[in-house]
Chemist: 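Please see the structure below; I have some questions.
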Amino acid sequence: MSRVHFIKHLMTPFPFTIEATVSLEDAEAMFDKHDISHLPVAHGGKLSGVITKHDVLRALAHGSEESVSVADVAVSDPYVVDLHTRADEVLHEMALRHIGSVLVTREDKLAGIYTANDAMRDFAEHLAALEPPNTVA
């Protein structure tokens with residue numbers, strides 16, 4: 001039995017997306033409403049980037065006007081992988097690039113997202129499975 005995990009088994013499927021033309025204020029509201037920290041960005045129905053709540057808050061703190069849109073702040077060249085990519089490759093590349101998310105696609109369409117928070121949760125679960133916590137006080 002293979003112990004290799006593919007990113008499709010770890011990603012959050014069908015993530016929320018945001019249109020590139022949306023204002024930063026509306027983006028902030030979406031982050032808060034769904035309690036998320038990363039959003040894939042779409043423009044004209046195609047994946048065009050990724051934006052983080054931190055990006056939005058930083059831009060708003062610097063007095064960005066209402067005319068500033070998600071497209072003005074989003075990363076336009078996000079790390080994108082196919083859902084059949086090995087998880088260890090994805091994690092290694094995320095660490096090398098110092099990035100907090102990867103967009104996962106299937107046939108060039110968004111299928112999911114995997115974030116550093118997801119990775120930490122998965123690693124904690126992995127460690128707990130290796131040695132369950134001692135319940136004796």
Chemist: Answer yes or no: are there more than 12 heavy-atom neighbours, outside Asp32 itself, under 6.0 Å from its atom CG?
Modeler: yes
Chemist: Would you give the length of the straight line joining atom CD1 of Ile36 to atom NZ of Lys53, rounded to the nearest 0.5 angstrom?
Modeler: 9.5 Å
Chemist: In Å and rounded to the nearest 0.5 Å, what is the CG to NE2 distance from Leu91 to His5?
Modeler: 11.0 Å
Chemist: Would you kindly confirm whether Val104 and Ile99 end up in one hydrophobic cluster when ILVMFWY residues are joined by side chain heavy atoms under 4.5 Å apart?
Modeler: yes
Chemist: Using the test ring-ring contact (aromatic ring centres under 6.0 Å, His included), find all partners of His54 that sit at least two apart in sequence or belong to another chain.
Modeler: none
Chemist: What residues join Leu96 in its hydrophobic cluster, counting side-chain heavy atom gaps under 4.5 Å, either direct or through other members?
Modeler: none
Chemist: Check the pair Val70, Thr21 against side-chain contact (heavy atoms from CB on, under 4.5 Å), reporting the backbone distance first and the verdict last.
Modeler: CA-CA 6 Å; Val70 165; Thr21 56; over 6 Å; no
Chemist: What are the two closest heavy atoms between Leu24 and Val56, and how far apart are they?
Modeler: O-CG1, 3.5 Å
Chemist: More than 12 non-hydrogen atoms from neighbouring residues, nucleotides or ligands closer than 6.0 Å to NE2 on His92, yes or no?
Modeler: no
Chemist: Can you confirm whether Pro15 sits close enough to Leu39 that some side-chain heavy atom of one is under 4.5 Å from a side-chain heavy atom of the other?
Modeler: no
Chemist: May I have the list of side-chain donor-acceptor pairs in residues 109-128 shorter than 3.5 Å, sequence neighbours left out?
Modeler:
unit_1: Tyr114; atom_1: OH; unit_2: Ala119; atom_2: N; d: 3.4
unit_1: Tyr114; atom_1: OH; unit_2: Asp122; atom_2: OD2; d: 2.8
unit_1: Thr115; atom_1: OG1; unit_2: Asn117; atom_2: N; d: 3.4
unit_1: Thr115; atom_1: OG1; unit_2: Asp118; atom_2: N; d: 3.2
unit_1: Thr115; atom_1: OG1; unit_2: Asp118; atom_2: OD2; d: 3.2
unit_1: Asp118; atom_1: OD1; unit_2: Arg121; atom_2: NH1; d: 3.1
unit_1: Asp118; atom_1: OD2; unit_2: Thr115; atom_2: N; d: 2.9

Chemist: What distance separates Leu57 CG from Phe31 CZ, expressed to the nearest 0.5 Å?
Modeler: 8.5 Å
Chemist: Atom CG in Leu103, atom CD1 in Ile7: separation rounded to 0.5 Å?
Modeler: 11.0 Å
Chemist: Going by salt bridge (charged side-chain N to carboxylate O under 4.0 Å, His left out), name the residues that satisfy it together with Lys8, two or more places apart in sequence or in a different chain.
Modeler: none
Chemist: Do you know the tightest heavy-atom contact between Ser101 and Val50?
Modeler: OG-CG2, 3.9 Å
Chemist: Please give me the minimum heavy-atom distance between Thr17 and Met30, naming the atom from each residue.
Modeler: O-CE, 3.2 Å
Chemist: Kindly list each side-chain donor-acceptor pair under 3.5 angstrom involving residues 72-83, sequence neighbours excluded, with atom names and distances?
Modeler:
unit_1: Asp72; atom_1: OD2; unit_2: Ser69; atom_2: N; d: 2.8
unit_1: Asp72; atom_1: OD2; unit_2: Ser69; atom_2: OG; d: 3.3
unit_1: Asp82; atom_1: OD2; unit_2: His84; atom_2: N; d: 2.8

Chemist: Is there a side-chain contact between Leu47 and Val41 (heavy atoms, below 4.5 Å)?
Modeler: no
Chemist: Does His98 use its side chain to pair, donor to acceptor, with the backbone of Met94 at less than 3.5 Å?
Modeler: no
Chemist: Following the transitive rule for hydrophobic clusters with a side-chain heavy-atom cut-off under 4.5 Å over Ile, Leu, Val, Met, Phe, Trp and Tyr, establish whether Phe6 and Val90 coincide in one cluster.
Modeler: no
Chemist: Report the distance from atom OG of Ser37 to atom CG of Asp55, rounding to the nearest 0.5 Å.
Modeler: 10.5 Å
Chemist: If you take all heavy atoms of Ala20 and His43, which pair is closest and at what distance?
Modeler: CB-ND1, 3.8 Å
Chemist: So, using side-chain hydrogen bond (donor to acceptor under 3.5 Å, both in side chains) as the criterion, who are the partners of Glu28 when residues are at least two apart?
Modeler: none
